[in-house]
*Asks:* 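Before I ask anything, let me first share the structure, which is written out below as structure tokens.
Note: hydrogens, waters and symmetry copies are ignored here, and every other heavy atom, side chains too, is used. By convention in this document, chain letters (A, B, ...) are assigned in the order of the sequence lines, proteins followed by strands, and residues within each chain are numbered from 1.
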Amino acid sequence: MSQLQSLRGMVDLLPEALQRWQAVEAMAREHFQRSGFGEIRTPLLETTDLFGRGIGEGTDVVGKEMYSFQDRGDRSCTLRPEGTASVVRAALQHGLLSQGAQKLWYAGPMFRYERPQAGRQRQFHQIGVEWLGAERARSDVEVIALAWDLLASLGVGGLQLELNSLGTAEDRHDYRNALVAWLEQRSEALDPDSQARLSTNPLRILDSKNKDTQALLEDAPTLADALADASRERFEEVQRGLTTLGIPFRLNPRLVRGLDYYSHTAFEITSDQLGAQATVCGGGRYDGLISQLGGPQTPAIGWALGMERLLLVLEAAAQADPNGPAARLAVIPIPDAYLVNRGERAETVGLSLARSLRQQGLTVELDGSGSAFGKQFKRADRSCARWALVLGDEEVERGEVRLKPLQQQGEEVTVALSGIAAIVETLRTY
RNA sequence: GCGGGCGUCGCCAAGUGGUUAAGGCAGCGGCUUGUGGCGCCGCUAUUCGGGGGUUCGAAUCCCCUCGCUCGCCCCA
């Protein structure tokens with residue numbers, strides 16, 4: 001292909017698609033505002049080191065999926081693969097934590113060098129929240145409810161909330177040793193990927209999709225059993241909180257999540273509409289991350305939802321229910337008026353008339369073609385505008401403009417060009 | 001990084017070795033030189049993702065390459 005085209009996995013968003021995007025973003029913004037979260041925007045580019053220290057050197061995201069390069073000053077830079085590390089870095093850099101807990105949200109592109117497939121791109125977009133300094137179990141509940149309610153208000157159905165607790169670092173450390181010891185006895189029965197993870201990231205073996213490995217794991221020691229009493233009680237409190245709010249969930253002991261920084265509550269919201277990449281929203285608690293990045297020991301929780309995946313689910317919902325809330329997100333705004341204009345003077349006056357009406361808040365489509373009236377009306381019709389404004393040299397001569405209703409029966413009316421207020425009035429009465 | 005499927009006009013799509021690459025939608029123009037929604041007519045791919053090869057002859061066969069797509073891995 002000699003034609004110029006975008007890089008693999010990098011997708012253009014065209015106006016039609018953005019209609020729904022913006023509706024989703026607006027809804028998210030509203031929910032965040034109501035819950036007291038403030039927006040934060042951080043650079044797309046960070047030092048490579050931030051992600052290595054934050055996400056974990058042993059993870060796939062850091063190990064093989066980062067877009068990294070040396071800049072002209074020979075610094076190693078990386079296009080952010082996720083949002084949390086950057087937000088924490090920014091909070092530390094600006095001393096935000098010394099002002100108490102921070103409730104932050106962000107939206108923007110993330111980059112991971114992976115093979116694209118359904119619901120997965122190299123540049124993709126996340127909307128996320130980070131609550132730094134959130135300690136109690138009820139903050140876990142509140143944050144999960146925020147995600148759940150946002151998705152519900154968008155009209156997404158058929159979602160499943162999956163929940164697990166990873167305990168504390170000590171819990172996991174003990175459990176990891178027990179699990180590795182148990183698995184090493186049986187390592188020849190493991191699939192090759194899992195064998196490799198025995199030394200790099202043993203907990204991820206739990207999440208293996210290999211059937212034989214899963215069968216083997218039936219009898220393996222479980223993380224739930226390894227949790228200390230305090231961790232267990234905390235997890236139960238989170239569950240009680242969700243139940244009180246009427247948010248259904250399913251315990252999934254295999255839900256481990258790929259990034260090192262998670263602790264205690266881990267959750268995912270999945271959809272059956274997405275094929276292999278079913279997770280729409282994922283998150284959890286990361287009590288160790290902030291101190292790991294050089295800040296004060298600060299508990300925190302957050303989540304991120306994948307815009308592209310959410311949009312896929314919304315499209316499916318809109319298909320299933322053309323009158324439902326998901327379908328209404330994609331409504332294309334129709335112009336109040338389509339200005340048919342032809343002739344040298346008419347086109348000059350037309351431009352300024354369109355401008356005046358727009359200044360009054362009306363949506364006006366100005367035909368710029370100069371083609372025959374019939375053609376312009378044809379386009380006016382296609383635009384679905386409620387009114388056609390007709391302006392030819394004859395009208396200009398008389399200082400008038402004609403208003404013709406397009407969607408209903410009705411007489412064409414003639415109004416003085418000087419009477420913008422009267423024109424606006426008429427266009428709005430329809 | 002590894003597998004499977006696919007690649008004909010902006011979109012959908014017929015064509016699977018023989019002189020002109022269907023059709024539909026959209027676009028543009030005309031019937032209608034100032035009034036839409038219907039209809040009719042015309043125009044819009046020297047070319048079949050790109051390169052090489054086989055052949056008298058290829059969109060149709062072979063090789064390479066690029067891209068898309070689904071899955072694995074992993075994750076949003």
Side-chain angles (χ1 to χ4, degrees), chain A residues 1-11 14 16 55 58-66 80-84 107-128 147 191-194 196-197 200-201 204 207-211 255-259 262 267-271 274-283 302-313 338 340-343 346 367 369 371-385 387-396 402-409 412:
Chain A
M1 187 53 107
S2 62
Q3 250 221 338
L4 253 27
Q5 64 184 104
S6 63
L7 254 13
R8 154 172 276 197
M10 308 278 176
V11 179
L14 274 17
E16 199 187 345
I55 301 171
T59 62
D60 280 18
V61 168
V62 172
K64 56 181 200 188
E65 295 173 2
M66 293 205 299
R80 64 181 187 195
E82 57 101 51
T84 304
M110 307 293 164
F111 304 83
R112 295 199 315 221
Y113 194 91
E114 296 181 275
R115 187 93 174 248
Q117 67 184 72
R120 189 166 77 194
Q121 300 164 189
R122 289 184 172 180
Q123 176 176 335
F124 61 105
H125 297 77
Q126 289 186 332
I127 294 182
D191 60 279
D193 281 334
S194 294
R197 282 201 206 101
T200 56
N201 201 345
R204 286 223 57 84
D207 209 21
S208 169
K209 289 186 181 91
N210 183 288
K211 286 203 164 45
L255 177 58
V256 174
R257 310 204 40 80
L259 313 183
Y262 287 113
F267 70 95
E268 286 187 2
I269 299 174
T270 59
S271 164
L274 286 175
Q277 310 300 327
T279 305
V280 177
C281 177
W303 50 253
L305 78 75
M307 273 300 266
E308 285 80 1
R309 291 184 190 177
L310 173 56
L311 270 296
L312 287 174
V313 175
Y338 189 100
V340 170
N341 61 128
R342 179 168 162 84
D367 193 302
S369 68
S371 49
F373 277 71
K375 292 295 167 193
Q376 295 197 36
F377 271 97
K378 211 162 266 191
R379 285 186 214 106
D381 186 57
R382 290 243 165 132
S383 79
C384 296
W387 292 86
L389 305 189
V390 191
L391 199 60
D393 285 337
E394 284 177 27
E395 284 76 16
V396 174
R402 297 175 195 241
L403 316 191
K404 175 174 178 170
L406 290 176
Q407 305 302 328
Q408 289 185 348
Q409 303 302 333
E412 190 171 291

*Asks:* Under the 3.5 Å rule, do the base of rG36(B) and the side chain of Q407(A) count as making a donor-acceptor pair?
*Replies:*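 Side chain to base: no pair below 3.5 Å.
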*Asks:* Report yes if the ring of F377(A) lies under 5.5 Å from the six-membered base ring of rG36(B) with planes under 30°, and no otherwise.
*Replies:*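 Taking the rule of under 5.5 Å and under 30°, the ring of F377(A) does not stack on rG36(B).
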*Asks:* Taking C-beta and beyond as the side chain, do D367(A) and R342(A) meet within less than 4.5 Å on heavy atoms?
*Replies:*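 Answer no - side chains too far apart.
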*Asks:* In terms of the nearest nucleotide of RNA chain B, which residue is placed more toward the 5' end: D381(A) or E268(A)?
*Replies:*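 That would be D381(A).
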*Asks:* When you look at OH of Y113(A), are more than 12 heavy atoms from neighbouring residues, nucleotides or ligands closer to it than 6.0 Å?
*Replies:*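 No.
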*Asks:* Just to be sure I understand the rule, does A380(A) reach a base, reach only the sugar-phosphate, or reach nothing, if contact means heavy atoms closer than 4.0 Å?
*Replies:* nothing
*Asks:* Indicate yes or no: at least one non-hydrogen side-chain atom of R112(A) is less than 4.5 angstrom from one of F124(A).
*Replies:* yes
*Asks:* Between atom CG in N341(A) and atom P in rU35(B), what is the gap in whole Å?
*Replies:* 16 Å
*Asks:* From rG36(B), rA76(B), rG1(B), pick the nucleotide closest to the side chain of R309(A)?
*Replies:*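 Between rG36(B), rA76(B), rG1(B), the one nearest the side chain of R309(A) would be rA76(B).
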*Asks:* Kindly indicate whether the side chain of E412(A) and the base of rU35(B) share any N or O donor-acceptor pair separated by less than 3.5 Å?
*Replies:*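 In this structure, the two groups form a donor-acceptor pair.
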*Asks:* Can you measure from CZ (R120(A)) to CZ (R309(A)) and round to the nearest 0.5 angstrom?
*Replies:*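 One gets 7.5 Å once the value is rounded to the nearest 0.5 Å.
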*Asks:* According to a strict under-4.0 Å criterion, is R379(A) in side-chain N/O contact with OP1 or OP2 of rG37(B)?
*Replies:*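 No, R379(A) has no side-chain N/O under 4.0 Å of OP1/OP2 on rG37(B).
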*Asks:* If you measure from CG on L403(A) to CG on L391(A), what distance do you get to the nearest 0.5 Å?
*Replies:* 10.5 Å
*Asks:* CG of L403(A) versus P of rG34(B): gap in Å, rounded?
*Replies:* 20 Å
*Asks:* On a whole-Å scale, what distance lies between the C1' atoms belonging to rA45(B) and rG39(B)?
*Replies:* 28 Å
*Asks:* Distance between the C1' atoms of rU20(B) and rG67(B), in whole angstroms?
*Replies:* 31 Å
*Asks:* Distance check needed: rG34(B) C1' versus K404(A) NZ, whole Å only.
*Replies:* 11 Å
*Asks:* Which of these nucleotides, rU35(B), rG71(B), rC73(B), is closest to any side-chain atom of E395(A)?
*Replies:*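 Per side-chain heavy atoms of E395(A), the pick is rU35(B).
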*Asks:* Does rG34(B) have its OP1 or OP2 closer than 4.0 Å to a side-chain nitrogen or oxygen of R402(A)?
*Replies:* no
*Asks:* For rG67(B), what is the paired nucleotide under Watson-Crick or G-U wobble rules, both distances under 3.5 Å?
*Replies:*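 Checking every strand shown, rG67(B) finds its partner in rC6(B), with both distances under 3.5 Å.
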*Asks:* Considering only the P atoms, how many Å lie between rG50(B) and rC66(B), rounded to the nearest integer?
*Replies:*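 Per the computed distance, 15 Å lies between those P atoms.
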*Asks:* Checking contacts here: which listed nucleotide (rA76(B), rA26(B), rG3(B)) is nearest the side-chain heavy atoms of R382(A)?
*Replies:* rA26(B)
*Asks:* To the closest 0.5 Å, what do you measure between OG1 (T84(A)) and OH (Y262(A))?
*Replies:* 5.5 Å
*Asks:* Please give the nucleotide sitting opposite rU19(B) as a Watson-Crick or G-U wobble pair, both distances under 3.5 Å, or none.
*Replies:* none
*Asks:* Looking for any heavy atom pair under 4.0 Å, which part of the strands does G9(A) touch: base, sugar-phosphate only, or nothing?
*Replies:* sugar-phosphate
*Asks:* Within this structure, what is the NZ-to-C1' distance between K378(A) and rG30(B), rounded to whole angstrom?
*Replies:* 10 Å
*Asks:* Counting Watson-Crick and G-U wobble pairs only, both distances under 3.5 Å, name the nucleotide matched with rA26(B), or none.
*Replies:*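 WC or wobble partner does not exist here.
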*Asks:* What is the nucleic acid contact for V280(A), judged by heavy atoms within less than 4.0 Å: base, sugar-phosphate only, or nothing?
*Replies:*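 Sugar-phosphate contact only - V280(A) comes under 4.0 Å of backbone atoms but never of a base.
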*Asks:* If you take atom types as modelled and just measure distance, does the side chain of Q121(A) reach the base of rA76(B) with a donor-acceptor pair under 3.5 Å?
*Replies:* no
*Asks:* Side chain of R112(A) only, please: which of rA76(B), rC28(B), rC73(B) is the nearest?
*Replies:*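 When the side chain of R112(A) is considered, rA76(B) is the closest of rA76(B), rC28(B), rC73(B).
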*Asks:* A372(A) near the nucleic acid: base, sugar-phosphate alone, or nothing, with a heavy-atom cut-off under 4.0 Å?
*Replies:*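 Counting heavy atoms under 4.0 Å across all strands, no contact is made by A372(A).
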*Asks:* Say you pick atom P in rC62(B) and the same atom in rC41(B); how far apart are they, in whole Å?
*Replies:*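 Going atom to atom, P in each nucleotide, I get 41 Å.
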*Asks:* To the nearest 0.5 Å, tell me how far I55(A) CD1 sits from E65(A) CD.
*Replies:*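 Nearest 0.5 Å value for the CD1-CD distance: 9.5 Å.
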*Asks:* Suppose you measure atom C1' in rU69(B) against the same atom in rG49(B); what distance do you get, rounded to whole Å?
*Replies:*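 Nearest-Å result for rU69(B) against rG49(B) at atom C1': 15 Å.
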*Asks:* Select base, sugar-phosphate, or nothing to describe what E308(A) touches, counting heavy atoms under 4.0 Å on all strands.
*Replies:*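 Nothing, no nucleic acid heavy atom in range.
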*Asks:* How many whole angstroms separate atom CZ of F267(A) from atom C1' of rA76(B)?
*Replies:*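 In whole Å, rA76(B) C1' lies 12 Å from F267(A) CZ.
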*Asks:* Which value, in whole Å, describes the distance between the C1' atoms of nucleotides rC9(B) and rG15(B)?
*Replies:* 15 Å
*Asks:* Just to confirm, is there a sub-4.0 Å distance from OP1 or OP2 of rG34(B) to any side-chain nitrogen or oxygen of R342(A)?
*Replies:*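 Yes, within the criterion.
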*Asks:* How long is the line joining NZ of K375(A) and C1' of rU33(B), in whole Å?
*Replies:*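 Atom-to-atom, K375(A) to rU33(B), this comes out as 13 Å.
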*Asks:* Map G392(A) and K64(A) onto RNA chain B by nearest heavy atom, then report which one ends up closer to the 5' terminus.
*Replies:* G392(A)
*Asks:* NA contact type, G128(A), heavy-atom cut-off 4.0 Å: base, sugar-phosphate, or nothing?
*Replies:* nothing
*Asks:* Considering only atom P, compute the distance from rC11(B) to rC2(B) and round it to an integer number of Å.
*Replies:*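 Rounded to whole Å, the distance is 29 Å.
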*Asks:* What is the base-pairing partner of rU54(B), counting Watson-Crick and G-U wobble geometry with both distances under 3.5 Å?
*Replies:* none
*Asks:* It should be established whether Q117(A) places a side-chain nitrogen or oxygen under 4.0 Å from OP1 or OP2 of nucleotide rC70(B).
*Replies:* no
*Asks:* Using whole Å, what does the distance between atom P of nucleotide rC75(B) and atom CG of D60(A) come to?
*Replies:* 6 Å
*Asks:* How far, in whole Å, is rU46(B) from rG23(B) if one measures between their P atoms?
*Replies:* 16 Å
*Asks:* Examine R122(A) relative to F111(A) and say whether NZ or CZ is less than 6.0 Å from the centre of the six-membered ring and inside a 45° cone about the ring axis.
*Replies:* no
*Asks:* Distance check needed: rC75(B) P versus L312(A) CG, whole Å only.
*Replies:*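 Spelled out: CG on L312(A) to P on rC75(B) is 20 Å.
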*Asks:* Tell which nucleotide pairs with rG39(B), taking only Watson-Crick or G-U wobble pairs whose two distances are both under 3.5 angstrom.
*Replies:*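 Checking every strand shown, rG39(B) finds its partner in rC31(B), with both distances under 3.5 Å.
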*Asks:* Less than 4.5 Å apart, side chain to side chain, heavy atoms only: is that true for H125(A) and P109(A)?
*Replies:* yes
*Asks:* Searching all strands shown, indicate the nucleotide that pairs with rG1(B) (Watson-Crick or G-U wobble; both distances under 3.5 Å).
*Replies:* rC72(B)
*Asks:* Out of rC2(B), rC73(B), rG36(B), which nucleotide sits closest to the side chain of L406(A)?
*Replies:* rG36(B)
*Asks:* Taking only the side-chain nitrogens and oxygens of R8(A), find out if one of them lies under 4.0 Å from OP1 or OP2 of rC68(B).
*Replies:* yes
